[in-house]
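Only one structure is covered here, and it is reproduced in the block below.
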Amino acid sequence: MSLVFGWYSFKIKSYTAKDLQLNMEEWKESDFEVRQKVFHLFWIPFFSLGKIYAVRKQGKLYEIPHLIITKINNKDTIRTPWYSFLLPILLITIPIITGVYIYIAESIMRHNHYNEDAKSYEIATQEVQHKLASLSENAYLRISNPQKPNDDITVLKLIAINNDYYSFVKYRINVPKYSNETYSIVNWGKDTLTFTKQELQQAICTDYDVIEKRESYGVKFIGNEKYIIEAIHYFDSPIIDGKIDWYFWDVIRKKKFQYYNSKFTGFKNDRSWSFKIMLQNFGIPVNLIKIESKENNVQWVDSLPIKINSYKYLETYYIEANTSIDPEILTFQSKFIFEDSLNNQYEYMVSGENSWYEIDKIEKTR
């Protein structure tokens, strides 16, 4: 019998001589078996080849007379087991099960990403509400049309406040796309736009689903299209933003062993991971002069100070840290202190938990 393909049989029903009302003396210590014969591929049943009727004596199978076969068939209706066709069933069900699994996994991932994005949007919205409550001249309101999220970046510069009325002029932000370009704010018309505090508050969208579904929302700041306020900046200070890049490799073992295999993770107690904070500055140039860890879960390894220039095309700054805590359960919080050329200091809190992070400006001191 071939290991790759061939046939074999297995028992599906058995009877004693008493069950079939046979001569007990003649058929004592005998079992009458109905066996299913199947064609197999790698021992997995592919299809039925019919039934075999046999008698088992002293552990061996022998043919039985046709009369006894008739008695068996008259006694019971013996159907072909479904698993005689196991391979075709698997070929059909495995892709279906795999497809359902992939669909569920993708749904869970989409749900998790949605929750993370909604959480980040809620934090950003709360920051806009806080800044709007104490709005002052020279503030820049970054606005966008929820139905056209990929349009050019537009800002409104606050030039005057008269009781409950706020006057603005329009600017475009030039984000570098080529190496010879720099980040800049370009005047976009000389007309003055005036809005009330209530109108500005109506331009803050707290429902993330509106953003996700690209629905119309906000105030008609420009023309007949509605805009929301995404952020409020003061460009006379640094505007720090960024993200976390993880590197899942064992720093400690790499240092310990000369012939280190980067794919080897080692024992859990010996593990260490490295990650980098990628910073971009959309304000004035500053120096990162100090990092204060509020939780001793990470170790920052770069030498300070580090000069952080205003953003240019593809120009980013990386601040590296090591940790012995698994990134899946890691939480950390560190204060980054920046200083400009006039010795003004700006503090940002950098916090992380699992794949979520935020960079928040704390305060400005002199």
Mind checking side chain to side chain contact (heavy atoms under 4.5 Å, CB included) for Ile92 and listing every partner two or more places apart, or none if nothing turns up?
Ile96
Under a 4.0 Å N-O cut-off, is there an ion pair linking Glu137 with Lys157?
no
For Glu230, enumerate each residue passing the salt bridge (Lys or Arg N to Asp or Glu O under 4.0 Å) test, keeping only those at least two apart in sequence or located in another chain.
Arg142
Side chain to side chain contact (heavy atoms under 4.5 Å, CB included) involving Tyr62 - partner list, sequence neighbours excluded
Val55, Lys57, Lys60
Partners passing side chain to side chain contact (heavy atoms under 4.5 Å, CB included) against Asn115 (at least two apart in sequence or in another chain):
His111
Name all residues meeting the salt bridge (Lys or Arg N to Asp or Glu O under 4.0 Å) criterion together with Glu127; count only those two or more places apart in sequence or in a different chain, and write none if there are none.
Lys131
With sequence neighbours left out, write down each residue that passes ring pair (Phe, Tyr, Trp, His ring centres under 6.0 Å) with Tyr166, or none if nothing qualifies.
none
For Ile211, the hydrophobic cluster (side chain heavy atoms closer than 4.5 Å, chained through members) also holds Tyr114, Tyr121, Tyr208, Val210, Tyr217, Ile228
Just to verify, what does Phe32 make a ring pair (Phe, Tyr, Trp, His ring centres under 6.0 Å) with, not counting sequence neighbours?
Trp27
List for me each residue that meets salt bridge (Lys or Arg N to Asp or Glu O under 4.0 Å) alongside Lys213, sequence neighbours excluded, and say none if there are none.
none
Side chain to side chain contact (heavy atoms under 4.5 Å, CB included) partners for Val128, two or more places apart:
Ile204, Ile229, Ile232
Quick one: list whatever passes ring pair (Phe, Tyr, Trp, His ring centres under 6.0 Å) with Tyr165, sequence neighbours left out.
none
Once ring pair (Phe, Tyr, Trp, His ring centres under 6.0 Å) is applied, do any residues pair with Phe46, and if so which ones, sequence neighbours excluded?
none
